[in-house]
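Step one of this worksheet: look at the structure below.
Both backbone and side-chain heavy atoms feed into the values below; hydrogens, waters and symmetry mates do not. A, B, ... follow the sequence lines: proteins, then strands. Residue 1 opens every chain.
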Amino acid sequence: MKQQQPQQTKSITPRGDDFAAWYQDVVLQGDMAEPAEVVKGCMVIKPNGYAVWERLQAELDRRFKATGHKNVYFPLFIPESFLKKEAEHVEGFSPELAVVTHAGGKKLEEAYVVRPTSETIIGHFFSRWIQSYRDLPMLLNQWANVVRWELRTRMFLRTSEFLWQEGHTAHATQQEAYEEAVKMLHVYGDVAENVMAMPVIRGVKTRAEKFAGADRSFCIEAMMQNGLALQAGTSHELGQNFGKAFDVTYQSKEGKLEFVWQTSWGVSTRLIGGLIMTHSDDNGLVLPPALAPTKVVIVPILRKDTDVEQLLGKVNAVAADLNAAGIATEVDDRTEHSPGAKFFHWETRGVPVVLEIGPRDLAANTCVLKRRDLGTKEPASLDGIVATIQGSLDRMQTELLEAGRARLAANTVVANSIGEVEEILSQATAEKGGGKFVMAHIKDDPACDARVKEFKASVRCIPLEDRFDGPGKCIVTGEPVEKRAVIAKSY
RNA sequence: CGGGGCGUGGCUCAGCCUGGUAGAGCGCCUGGUUCGGGACCAGGAGGCCGGAGGUUCGAAUCCUCUCGCCCCGACCA
């Protein structure tokens, strides 16, 4: 056994009672993270949580490499003046910057900001590194921490410091940059759906909602179990904004000096928050098999009359078979806890499959298999147990995604007037749920976004694929709009 | 940044109003009996009561000031 955590006796607040309290309970009792306590607004990611992040990193990183990107690392500190070079960018970030004014016992001549994102400092180096069209495209990615001083924090969803990856690319043409931004959006969508089993809507942000400094932002939006939207990833067409601010130019084939077209894209540890709010239940964490650090835990049932050596021998042999097949398995052979306590323990930690093997099983060459998401126990033969479990894990992975899709569909409604939008959204709160994705025609105009903001909601995105009924009239201005956008309350 | 709540063994909290030996449950340690959904018995360790100042013979308790955390709203991944 690797972990000897104290037994949890506190129960988890049911989702229906208070969703926010439920979320916090799941994070804490799943032993994913805890508030940093001595550092305001920050969190400690514990081994259980960090292991999930590492698996996400691995899945993402593999895809970044496969699409031609290389990893780099830029400084945590950015000269304050850099942020100011792109007007919209600095305006977007200035309220949430942490600034270093003193170091080495002296006041610094120029303050450094702790990076909230790295467009500016990377722009600076791009301008040094890029001379010719032959240097393009430049496709980089950085795994890093960033700081955005937040007024209100929730573990994983919003903390003052968080971990993420930020891709930064430079291209010769606008078209190529556009294609890059969309390509990476689809990488995110692939990981969200096929690794995290979290269905997402791929879309474009409205001008009011886009990243400060970008021409256009794409996003994946997921729906949490309370119906609130979560922006799970973003990908930006930066246009030539940072190119102009940092003088990132290249000489074209024709010998002309041109500004590069850039993109940036990122996902963060927020994904883990989305993962939790997508799958977990009133008994605690539920992790999709593809991300679970431990996929199977075997609990041996030892009784007074049991031949302990024989039973543990069998249990360890099964565990060895599973591990050999690439199914990460642990044996919980602690003697200080009863089997019941162990079941609760692993349940709150989201282990996909728990296997129970006792004396009766030993005689019959069977076991009891419990799938975390269904909560049902069923007997299984130990013959071919590896294939049986692999089958369970595979089904769990696909069924979690299907369940998420069903929930998304069930909570997506169409509205044809601003009043209808208000009516539907007025019934939702983060604590009590009731959130919906309201599909409505609305013009991409900050004034229209502002109307929606009155309902404490926002235009989440305009989906890339129209799944509804094509063009219609804007519910605010009456002007023609190409397709319905997603309007929802969000995190 | 406003509103609310809370700081007392590792955790959850009682004690504070009405000052006088610092408590409970859980967890932890030792030994034993148990074990198919949160076991039990016996013994044990562990706290300058967030911090500073004040009132008092005496402060966890009263007063002042501070620091921090959590939750709820406006801004944001």
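- Nearest-nucleotide mapping onto RNA chain B: of A:A20 and A:E96, the residue sitting toward the 5' end is A:A20.
- Proximity of A:Q24 to the phosphate of B:C71: a side-chain N or O atom is located under 4.0 Å from OP1 or OP2.
- A:P95 comes within 4.0 angstrom of no nucleic acid atom, judged by non-hydrogen atoms across all strands.
- At a threshold of 4.0 angstrom between heavy atoms, the contacts of A:L230 with the nucleic acid are absent.
- Applying side chain to side chain contact (heavy atoms under 4.5 Å, CB included) to A:L369 and the options A:V296, A:L355, A:V354 leaves one that passes, A:L355.
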Enumerate the protein-to-nucleotides 29-34 of chain B contacts in which both atoms are nitrogen or oxygen and the separation is below 3.5 Å.
from, atom 1, to, atom 2, distance (Å)
B:U34, OP1, A:K304, NZ, 3.0
B:U34, O4, A:T335, O, 3.4

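- No hydrogens or angles considered: nothing links the side chains of A:E150 and A:S160 as a donor-acceptor pair under 3.5 Å.
- Taking the six-membered ring wherever Trp is involved, the centroid distance between the rings of A:F156 and A:F162 does not fall below 6.0 Å.
- A residue-by-residue look at A:I301 and A:R148 shows that A:I301 has its nearest nucleotide of RNA chain B further toward the 5' end.
- Using modelled atom types and a 3.5 Å distance limit, the side chains of A:H345 and A:Q29 yield no donor-acceptor pair.
- Within the nucleic acid shown, A:T159 comes within 4.0 Å of at least one base atom, counting heavy atoms only.
- Contacts of A:T234 with the nucleic acid, taken as non-hydrogen atoms under 4.0 Å apart, are absent.
- Contact of the A:M184 side chain with the A:T67 side chain is registered, since non-hydrogen atoms from C-beta on lie closer than 4.5 Å.
- A stacked arrangement is assigned to A:F344 and the six-membered base ring of B:G38, with a centre-to-centre distance below 5.5 Å and an interplanar angle below 30°.
- B:C40 sits 16 Å from B:C26 when the C1' atoms are compared, rounded to a whole Å.
- Between A:R152 and B:A74, a side-chain N or O to OP1/OP2 separation shorter than 4.0 Å is absent.
- Neither side chain, A:T117 nor A:R115, offers a donor N or O lying under 3.5 Å from an acceptor on the other.
- At the phosphate of B:G73, neither OP1 nor OP2 sits under 4.0 Å from any side-chain N or O atom of A:K456.
- Here, B:G15 and B:C62 have their C1' atoms 16 Å apart, quoted to the whole Å.
- Using a 4.5 Å heavy-atom threshold, the side chains of A:I385 and A:D321 count as separate.
- Side-chain N/O atoms of A:K377 and base N/O atoms of B:G37 include a donor-acceptor pair closer than 3.5 Å.
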